[in-house]
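Presented below is the structure to which this report refers.
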Amino acid sequence: MDENNIKNYNDYLDEILISQKQIIKRTKELGEEISRDYSGQDLHLICILRGGVMFLTDLMRNISVPHTIDFMAISSYGVGGRKSSGAVRIKLDLNDDIFDKNVILVEDIIDSGHTIAKVLEMLKTRKPKSLEVCSMLDKAARREVDVPIKYRGFDIEDKFVFGYGLDLDEYYRNLPFVGVVDPDKYTPPD
Ligand code: IMP
Ligand code: MG
């Protein structure tokens, strides 16, 4: 993608897969479910930057139990790339200690599962009281390692998607819906 010639998202959009209305409804349901499960307990949400940001902020507005948030960034994919190597590196670590906390990891999408599996492994060594995964999207057909997803927004087919936190070469994260990338117009570099 030529940075001097950023196109309108419509030029890459094949179809809208999940509408804003569906996202609003589902984040409300997930927030209510989490609120029930953690009723009377302390809760700490960890968002993996940058894709999970939109989902985190919508989700937390629907969680009624008091909770704290933190962020971490890891590298697994290159810009726009599709292949997850399984080699995950922490680029930005958490601010707060998670020892003895009820932690939910908030992710945009789980694809091969390598990224989240590695993150779970790293976080477990810090001895949280509990550790669960909440992912907006689950692309189960591409799973290579088993990942326990406690809270799941939507199951999706094996299609490259963007919007609602997910990027195309870092752009279009702001879109309020999840769209399928038109493979004739955009190829993610491998
Ligand atoms: P995994 O390690 O293969 O599960 O990779 C998960 C990460 O890959 C996500 O957090 C996304 O950053 C990225 N990813 C996977 N599928 C897509 C997609 O369809 N669109 C945009 N990013 C994706
Ligand atoms: Mg991500």
Side-chain angles (χ1 to χ4, degrees), residues 1 6-7 9-19 22-23 26-27 30 45-59 70-94 104-124 131-190:
M1 200 182 293
I6 307 302
K7 293 183 181 170
Y9 73 85
N10 247 315
D11 293 330
Y12 299 109
L13 184 68
D14 184 11
E15 55 164 343
I16 292 180
L17 188 65
I18 305 168
S19 69
Q22 285 174 288
I23 292 172
R26 192 72 191 112
T27 48
L30 285 172
L45 305 178
I46 293 177
C47 174
I48 303 183
L49 296 171
R50 286 167 265 205
V53 167
M54 292 275 269
F55 182 44
L56 171 82
T57 58
D58 281 343
L59 187 67
D70 203 354
F71 298 89
M72 70 188 295
I74 51 196
S75 59
S76 53
Y77 271 48
V79 173
R82 267 208 90 166
K83 289 243 159 65
S84 200
S85 58
V88 169
R89 201 170 56 82
I90 297 182
K91 287 203 288 191
L92 172 79
D93 206 344
L94 300 169
I104 300 180
L105 260 179
V106 178
E107 254 286 43
D108 50 357
I109 186 166
I110 300 181
D111 191 41
S112 72
H114 285 298
T115 310
I116 201 82
K118 277 278 170 349
V119 171
L120 284 171
E121 201 181 292
M122 290 188 286
L123 294 184
K124 269 180 197 158
L131 182 59
E132 304 290 357
V133 175
C134 176
S135 185
M136 179 190 50
L137 304 175
D138 181 7
K139 219 190 268 183
R142 282 178 46 95
R143 199 62 35 80
E144 288 171 16
V145 290
D146 208 30
V147 176
I149 308 175
K150 178 92 179 266
Y151 307 100
R152 178 187 288 99
F154 303 91
D155 283 302
I156 65 164
E157 294 174 52
D158 180 13
K159 287 180 173 166
F160 203 73
V161 293
F162 72 126
Y164 197 64
L166 294 151
D167 69 304
L168 277 189
D169 293 353
E170 293 302 328
Y171 287 90
Y172 316 116
R173 295 187 192 273
N174 58 304
L175 300 177
F177 54 80
V178 176
V180 176
V181 178
D182 185 336
D184 294 332
K185 295 177 185 152
Y186 177 85
T187 322
D190 243 34

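Residues take their numbers from the sequence shown, with the count starting at 1. Counting starts at 1 for both ligands and their atoms, in listed order.
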**Request:** State whether the number of non-hydrogen atoms from other residues, nucleotides or ligands found under 6.0 Å of D146 atom CG is greater than 12.
**Result:** no
**Message:** Going by the closest heavy atom to atom 15 (C) of ligand 1, which one wins out of D158, V119, D111?
**Reply:** D111
**4.0 Å heavy-atom contact, R143 with ligand 1** = no
**Message:** Is it the case that the side chains of Y164 and N174 hold a donor-acceptor pair, with the cut-off being a distance below 3.5 Å and no angle test?
**Reply:** no
**Message:** If you take the nearest heavy atom of each of D167, I74, D108, D138, which one is closest to atom 12 (O) of ligand 1?
**Reply:** D108
**Prompt:** Which ligand 1 atoms, with their elements, are less than 4.0 angstrom from a heavy-atom of L166?
**Reply:** 21 (C), 22 (N)
**Request:** For R143 and D111, indicate whether the former's side chain and the latter's backbone hold a donor-acceptor pair under 3.5 Å.
**Result:** yes
**Prompt:** Using a heavy-atom cut-off of under 4.0 Å, does the side chain or the backbone of E107 touch ligand 1, or both, or neither?
**Reply:** side chain
**Request:** Can you sort out which atoms of ligand 1 are near K159, meaning under 4.0 Å from one of its heavy atoms?
**Result:** 19 (O)
**Request:** Kindly say whether the aromatic ring centers of F177 and Y9 come within a distance under 6.0 Å.
**Result:** yes
**Message:** Check K139 with E157, please: is the shortest side-chain N to carboxylate O separation under 4.0 Å?
**Reply:** no
**Item:** Residue pair Y186 / D169, side-chain donor-acceptor N/O under 3.5 Å
**Value:** yes
**Asked** Under a heavy-atom criterion of less than 4.0 Å, does F162 contact ligand 1?
**Response** no
**Message:** Pair I48, V106 - check side chain to side chain contact (heavy atoms under 4.5 Å, CB included), show working.
**Reply:** CA-CA 7 Å; I48 303 183; V106 178; over 6 Å; no
**Request:** Could you tell me whether I116 approaches ligand 1 through its side chain, its backbone, both or neither, with non-hydrogen atoms closer than 4.0 Å?
**Result:** neither
**Prompt:** For ligand 1, is there an atom lying under 4.0 Å from some heavy atom of K139?
**Reply:** yes
**Asked** Is G113 near ligand 1, meaning one of its heavy atoms is under 4.0 Å from it?
**Response** yes
